2 protein chains.
Amino acid sequence: MPDDRISLVFAALADPTRRAILTRLTQGDATVAELAAPFDVSQPAISRHLKVLENAGLISRTRRATARLSHLEAEPLREVTAWLARYQRFWDESHERLDELLAALQGRDPEGRADAAPTNGADDGQDRDHR
Amino acid sequence: MPDDRISLVFAALADPTRRAILTRLTQGDATVAELAAPFDVSQPAISRHLKVLENAGLISRTRRATARLSHLEAEPLREVTAWLARYQRFWDESHERLDELLAALQGRDPEGRADAAPTNGADDGQDRDHR
DNA sequence: TCGTTTTAGAACAAGGTGGTTATGAAGTGC
DNA sequence: GCACTTCATAACCACCTTGTTCTAAAACGA
């Protein structure tokens, strides 16, 4: 996986264990042992999950005595949400197309889907690192 | 990577090439050759990226003559956004903490961060499959 | 200082990812 | 039917990921 910020965040979120850890952290900071408890994986495995989350900026860590506390940092999630927001109109378009389909079923023009395929201009200006 | 839906979507989005493909598809359906053009990777590599996107439900495909058109399906992005929405209040809390920090800098209580660490109750009820 | 607790790192195995090249299958059109 | 275009699949490779166990480092408490 590439090492740009948003790719790291998406990759970190692709693992259910890590998502569950983030969810747990919404209830408050926690030690490694506390985070490891619900899972039947070893402590080093959890430590590595935490490192992945930390590299993605999704958690920060502090010391308390011999323990290390993990703290949720939600800012990257905000960035991801901002990225996703650009696609929101396509959810709406799905609804429009559904309307079109219903209209078509009632009468004419059984062509449901636009076919633009402009020769190019791809990419979006913030994914400029595909290896 | 696990094979639950949301993990597949996050994993698919973790690759910049695939994100760029999705962005391209916001301009209209496209053939494999058209999608491959902006990248300096082989056609089979693009075909596999498309398969990943299809498995995640992010695109659908139809035939037109000998070509296969890819079509953006934004619904999974909506699901991801819904998942992320649960963390929105923590962005707000960051702001609250920023306010607290500013207040602290002006006077008292240099303790910036709550320390709950409730013994457990982890997981979130929709990530119930950590292998 | 020394033992205890807590966590991280090293070394290893198994499996996945993303890239390549070579080749075959599907569909069109003459 | 046959050649051509378009795409997918197979086989292979390098590397990354996730898990393991074993061990060491860090911070404390006695």
Side-chain angles (χ1 to χ4, degrees), chain A residues 1-4 7-21 24-25 29-56 58-71 115 117 119 127 129-131, chain B residues 1-4 7-21 24-25 29-56 58-71 115 117 119 127 129-131:
Chain A
M1 84 263 32
D3 60 343
D4 59 304
S7 293
L8 288 178
V9 176
F10 276 127
L13 295 176
D15 186 287
T17 299
R18 289 194 288 263
R19 288 200 305 278
I21 287 174
R24 165 61 185 79
L25 290 177
D29 298 0
T31 67
V32 175
E34 287 164 349
L35 293 173
F39 307 102
D40 59 348
V41 298
S42 62
Q43 167 265 313
I46 297 296
S47 282
R48 291 220 295 208
H49 279 307
L50 292 175
K51 179 170 256 182
V52 171
L53 291 170
E54 189 174 25
N55 286 339
L58 285 163
I59 65 172
S60 60
R61 302 163 96 181
T62 55
R63 276 209 169 277
R64 183 188 59 181
T66 74
R68 293 188 71 187
L69 290 180
S70 292
H71 175 79
D115 176 10
T119 323
D127 286 342
D129 68 333
H130 30 285
R131 51 187 149 296
Chain B
M1 83 260 42
D3 60 343
D4 58 303
S7 293
L8 287 178
V9 176
F10 276 128
L13 294 176
D15 186 286
T17 300
R18 289 193 289 262
R19 289 200 304 280
I21 287 173
R24 164 62 184 79
L25 290 177
D29 298 0
T31 66
V32 174
E34 286 164 350
L35 291 173
F39 307 103
D40 59 348
V41 297
S42 62
Q43 167 263 313
I46 298 296
S47 282
R48 289 220 297 210
H49 280 307
L50 292 176
K51 180 171 254 183
V52 171
L53 291 170
E54 189 174 24
N55 285 340
L58 285 163
I59 65 172
S60 60
R61 302 162 97 181
T62 55
R63 275 208 170 277
R64 182 189 60 181
T66 74
R68 291 189 73 186
L69 291 179
S70 292
H71 175 79
D115 176 9
T119 324
D127 286 341
D129 66 334
H130 31 285
R131 50 188 155 297

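Throughout, a chain's letter reflects where its sequence line sits, starting with A, and its residues are numbered from 1. Only a predicted model underlies this, so the values are computations on that prediction, with no experimental measurement involved.
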Notebook entry, point to check: Atom CD of E54(B) to atom P of dA8(D): distance rounded to whole Å?
Noted result: 9 Å

Checklist line | L13(B) versus R19(B), closest heavy-atom pair with distance | finding: O-NH1, 2.7 Å

Notebook entry, point to check: 5'-most contact on DNA chain D: A65(A) or I46(A), nearest heavy atom basis?
Noted result: I46(A)

Note to self: Just to verify, what does V32(B) make a side chain to side chain contact (heavy atoms under 4.5 Å, CB included) with, not counting sequence neighbours?
What the structure shows: Q43(B), I46(B), S47(B), L50(B), R61(B)

Next item on the list: Let me know the distance between CZ of R61(B) and C1' of dA8(D), rounded to the nearest Å.
Entry: 9 Å

Note to self: So, OP1 or OP2 of dG19(D): does either fall under 4.0 Å of a side-chain N or O from S42(A)?
What the structure shows: no

At a cut-off of 3.5 Å, list every protein nitrogen or oxygen paired with a nitrogen or oxygen from nucleotides 3-6 of chain D, distance to 0.1 Å.
unit_1: dT6(D); atom_1: O4'; unit_2: T66(B); atom_2: OG1; d: 3.2

Checklist line | dT9(D) OP1/OP2 closer than 4.0 Å to side-chain N/O of K51(B) | finding: yes

Checklist line | Sequence-distant partners of S42(B), side chain to side chain donor-acceptor pair (under 3.5 Å), two or more places apart | finding: none

Between the protein and nucleotides 11-14 of chain C, are there any N/O to N/O pairs under 3.5 Å, and if so, what are the atom names and distances?
none

Notebook entry, point to check: Once you round it to whole Å, what is the distance between P of dC7(D) and CZ of R64(B)?
Noted result: 9 Å

Notebook entry, point to check: Can you check the L50(A) CG to dT18(D) P distance for me, whole Å?
Noted result: 13 Å

Item checked: Atom of V9(B), atom of A56(B) and distance for their closest heavy-atom approach -> CG2-O, 3.5 Å

Next item on the list: Using whole Å, report how far CG of D29(B) lies from C1' of dC7(D).
Entry: 17 Å

Next item on the list: Report the residues that fulfil side chain to side chain donor-acceptor pair (under 3.5 Å) with T66(A), sequence neighbours left out, ordered by chain and then residue number.
Entry: none

Check: Can you check the D40(B) CG to dG18(C) C1' distance for me, whole Å?
Finding: 13 Å

Notebook entry, point to check: With sequence neighbours left out, what residues match A14(A) under side chain to side chain contact (heavy atoms under 4.5 Å, CB included)?
Noted result: F10(B), A11(B)

Next item on the list: Return the minimal non-hydrogen interatomic distance between R24(A) and A30(A), and the atom names on each side.
Entry: NH2-CB, 3.5 Å

Notebook entry, point to check: Expressed in angstrom and rounded to an integer, what is the separation of H49(B) atom NE2 from dT20(C) atom C1'?
Noted result: 13 Å

Margin query: If I take atom CD in residue Q43(A) and atom P in nucleotide dG9(C), what distance separates them, rounded to the nearest angstrom?
Written below: 11 Å

Next item on the list: Pick out which of D29(A), L35(A), T31(A) makes a side-chain contact (heavy atoms from CB on, under 4.5 Å) with S70(A).
Entry: L35(A)

Check: Under 4.0 Å between a side-chain N or O of R63(A) and OP1 or OP2 of dA27(D)?
Finding: yes

Checklist line | Which atom of N55(B) lies closest to which atom of L8(B), heavy atoms considered | finding: O-CD1, 3.9 Å

